[in-house]
Visitor: 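One structure, pasted below without further comment.
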Number of protein chains: 2
Amino acid sequence: MKYLVVYETLKEEIFNEKYAINEQLPNGRELAELFHVSMLTIKKAMDRLVLDGIIVRRRGDGSYVKDWKKMDVAQHNHLSGTFNQFSEGEVKTKVLKFEVERADEKIAAKLSIQAGDFIYAITRLRIIRGIPSIIEYTFMPLDLIPNLQMSHVETSIYNYIQRDLRLMVHSAVVKITGVRPDDFEKKELHLKSNSFLLQVDQVASLDNSRVFEFSIAKHIPEEFEFETVIVSNKK
Amino acid sequence: MKYLVVYETLKEEIFNEKYAINEQLPNGRELAELFHVSMLTIKKAMDRLVLDGIIVRRRGDGSYVKDWKKMDVAQHNHLSGTFNQFSEGEVKTKVLKFEVERADEKIAAKLSIQAGDFIYAITRLRIIRGIPSIIEYTFMPLDLIPNLQMSHVETSIYNYIQRDLRLMVHSAVVKITGVRPDDFEKKELHLKSNSFLLQVDQVASLDNSRVFEFSIAKHIPEEFEFETVIVSNKK
DNA sequence: AAGTGGTCTAGACCACACT
DNA sequence: GTGTGGTCTAGACCACTTG
């Protein structure tokens with residue numbers, strides 16, 4: 001993993017301002033000599049820095065350090081579940097429902113299974129620093145996630161899947177919308193009548209391409225912030 | 001651009017179900033022979049398909065078609081400004097403000113310029129299919145975007161920058177939150193007192209690393225939907 | 001053990017930006 | 001023209017999954 005060493009080293013050097021903002025970096029050949037690697041390895045490292053939004057590269061011109069200081073929040077591309085986004089003890093979980101049911105048409109479609117197949121249907125309330133902040137509705141195919149226990153549901157299902165089942169989470173499609181709470185949500189989140197929520201729909205896949213989770217998380221606005229970097233994919 | 005040909009071809013074949021969902025694709029060597037390219041070119045094409053969320057690849061196992069049908073909306077990674085997200089005639093723009101001002105501390109920080117530097121300060125109301133839907137506050141450094149005209153502001157500043165100035169938009173950092181409208185926004189968007197908005201903050205950069213835009217767009221929830229794919233970057 | 005994708009090399013050629 | 005990054009090759013070796 002040479003390119004990761006190059007990537008981490010350059011990133012650190014930039015953050016330590018060895019290379020200042022808007023400064024041009026050494027070209028590919030020089031960096032390849034410096035690190036004793038091929039130019040392709042340099043390119044791979046630089047591509048990651050571009051993806052991070054830390055540098056730009058332009059053919060015929062060079063590589064330049066971007067103004068990375070304006071990225072005020074660490075990137076939110078979590079893929080780790082709600083639980084791991086907060087530090088130990090900051091988040092408490094109240095399990096409102098934990099049942100095995102048959103998937104209806106809509107959920108079966110999201111999970112790429114047959115209607116009528118068994119699924120876990122889980123509803124959880126996340127309490128962050130004492131404030132009820134998120135209601136999560138989670139649906140998972142029973143056959144993919146064997147032997148799910150209350151103790152997993154109470155903390156992080158992601159951790160169970162990754163650490164215990166040793167499955168790899170590959171990717172997720174997320175959708176963000178704004179919604180009004182229903183009566184149940186109003187009660188659980190202690191909301192006033194004019195309140196609103198930010199809804200994150202997520203369909204998450206394992207690296208064997210199976211969909212293992214469809215979840216709807218509704219966040220109170222005080223707690224919610226989603227940040228991402230969009231990079232233009234020109235030719 | 002051989003890898004793009006491979007990418008487009010494979011994508012089309014998958015969508016035409018030459019390769020079915022969950023089916024294994026030919027391995028790298030075979031595809032390299034088929035397309036008469038090197039394996040690295042195949043890998044680059046496949047990497048893009050992975051990024052699109054269309055396939056998964058696993059070392060030691062193979063490449064598999066994902067359930068791409070569940071991606072119900074075309075990906076929202078626009079980088080094209082509000083105007084180009086809707087078809088011709090669907091969106092009307094009312095320019096509420098179009099001035100040159102001096103940047104205050106906050107805006108200067110976002111644009112990576114000095115407080116006091118000249119900027120365009122633009123406020124626009126976007127009316128989609130007859131419904132006032134978005135208020136956009138846009139700030140741009142004067143020196144980067146010379147000679148901005150009312151005609152550009154009324155349609156798409158992005159088009160002016162890309163087509164006329166021939167500058168390339170490289171990337172953007174976006175942040176999504178939920179907010180309450182102020183009185184001005186309530187009036188312009190015809191909102192009731194208990195309403196809410198989805199706020200998208202965007203800091204956009206050119207490929208020379210200069211920040212050319214800081215914008216705050218506040219969307220009515222009926223119109224707003226943001227979708228993206230998150231891919232795990234392990235190793 | 002056989003087959004897969006991931007990384008890496010040392011070059012080559014090309015497209016593009018500057019002057 | 002010079003220098004830059006982007007693409008590409010033909011191989012090599014390695015890490016990993018599955019039988």
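Letters A, B, ... are given to chains in the order of the sequence lines, protein chains preceding strands, and every chain is numbered from 1.
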Visitor: When the nearest nucleotide of DNA chain D is assigned to B:Met39 and to A:Leu25 on a heavy-atom basis, which residue is associated with the more 5' position?
Guide: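 Its nucleotide being nearer the 5' end, the pick is A:Leu25.
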Visitor: Does OP1 or OP2 of C:dT7 have a side-chain N or O of A:Tyr3 closer than 4.0 Å?
Guide: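 It does, given that an N or O in the side chain of A:Tyr3 lies less than 4.0 Å from OP1 or OP2 of C:dT7.
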Visitor: Using heavy-atom distances to pick each residue's nearest nucleotide on DNA chain C, tell me which of B:Gly62 and A:Thr41 is more 5'.
Guide: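 Result of the comparison: B:Gly62.
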Visitor: Show the nearest heavy-atom pair for residues B:Tyr158 and B:Gln202, with the distance to one decimal.
Guide: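 Residues B:Tyr158 and B:Gln202, closest heavy atoms: OH-NE2, 2.8 Å.
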Visitor: Would you sort out whether B:Asn22 and B:Val65 count as a side chain to side chain contact (heavy atoms under 4.5 Å, CB included), showing the intermediate values?
Guide: CA-CA 5 Å; B:Asn22 289 328; B:Val65 178; over 6 Å; no
Visitor: Any salt bridge linking A:Asp52 with A:Arg48? Criterion: basic side-chain nitrogen under 4.0 Å from a carboxylate oxygen.
Guide: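 Looking at A:Arg48 together with A:Asp52, the answer is no, because their closest N to O distance does not fall below 4.0 Å.
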Visitor: In terms of side-chain heavy atoms of B:Arg58, which of C:dT9, D:dT17, C:dA17 is nearest?
Guide: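 Ranking C:dT9, D:dT17, C:dA17 by closest atom to the B:Arg58 side chain puts D:dT17 first.
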Visitor: Is the closest side-chain donor-acceptor distance between A:Glu30 and A:Asn27 under 3.5 Å?
Guide: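 Result is yes, a qualifying pair exists.
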Visitor: In whole angstrom, give the distance that lies between atom CZ of B:Arg29 and atom P of C:dT4.
Guide: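 Distance, rounded to whole Å: 8 Å.
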Visitor: What integer distance in Å separates B:Arg57:CZ from D:dC16:P?
Guide: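 One finds 16 Å between P of D:dC16 and CZ of B:Arg57, rounded.
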Visitor: Check this for me: does any side-chain nitrogen of one of B:Arg210 and B:Asp143 sit under 4.0 Å from a carboxylate oxygen of the other?
Guide: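 So B:Arg210 pairs with B:Asp143 through a salt bridge.
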Visitor: Would you say A:Thr41's side chain and A:Val37's backbone share a donor-acceptor pair under 3.5 angstrom?
Guide: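 The answer is no, because no donor-acceptor pair under 3.5 Å joins these two groups.
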Visitor: Would you kindly give the CG-to-P distance between B:Leu40 and D:dC14, to the nearest whole Å?
Guide: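 Between P of D:dC14 and CG of B:Leu40: 19 Å.
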Visitor: Checking contacts here: which listed nucleotide (C:dA17, D:dG5, C:dT4) is nearest the side-chain heavy atoms of B:Asn27?
Guide: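 Of the options given, the side chain of B:Asn27 lies nearest C:dT4.
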Visitor: Roughly, in whole Å, what's the span from NZ in A:Lys44 to P in C:dG6?
Guide: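 These atoms are roughly 9 Å apart.
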Visitor: To the nearest Å, give me how far apart OH (A:Tyr7) and C1' (C:dT7) are.
Guide: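 Taking atom C1' of C:dT7 as the reference, OH of A:Tyr7 is at 18 Å.
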Visitor: Is DNA chain C part of any stem, that is, at least 3 consecutive Watson-Crick or G-U pairs with both distances under 3.5 Å, and where?
Guide: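 The stems that DNA chain C takes part in, listed by first number, are C:1-18 with D:1-18.
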Visitor: How many whole angstroms separate atom CZ of B:Arg59 from atom C1' of D:dC16?
Guide: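 Value for this atom pair: 6 Å.
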Visitor: Does B:Ser38 place a side-chain N or O at less than 4.0 Å from the phosphate oxygens OP1/OP2 of D:dG11?
Guide: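 No, B:Ser38 has no side-chain N/O under 4.0 Å of OP1/OP2 on D:dG11.
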Visitor: Rounding to a whole Å, what distance do you find between B:Phe35:CZ and D:dA10:C1'?
Guide: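 Interatomic distance, CZ of B:Phe35 to C1' of D:dA10: 19 Å.
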Visitor: From CD of A:Glu33 over to P of C:dA10, roughly how many Å is that when rounded to an integer?
Guide: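 Rounding to the nearest Å, CD of A:Glu33 and P of C:dA10 are 12 Å apart.
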Visitor: Going by side-chain hydrogen bond (donor to acceptor under 3.5 Å, both in side chains), A:Ser63 matches just one of A:Arg58, A:Glu23, A:Gln24, A:Arg57. Which one?
Guide: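 Looking at A:Arg58, A:Glu23, A:Gln24, A:Arg57, the match for A:Ser63 under the side-chain hydrogen bond (donor to acceptor under 3.5 Å, both in side chains) is A:Arg57.
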Visitor: Just to confirm, is there a sub-4.0 Å distance from OP1 or OP2 of D:dG5 to any side-chain nitrogen or oxygen of A:Lys43?
Guide: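 Answer no for this pair, as no side-chain N or O of A:Lys43 is under 4.0 Å from OP1 or OP2.
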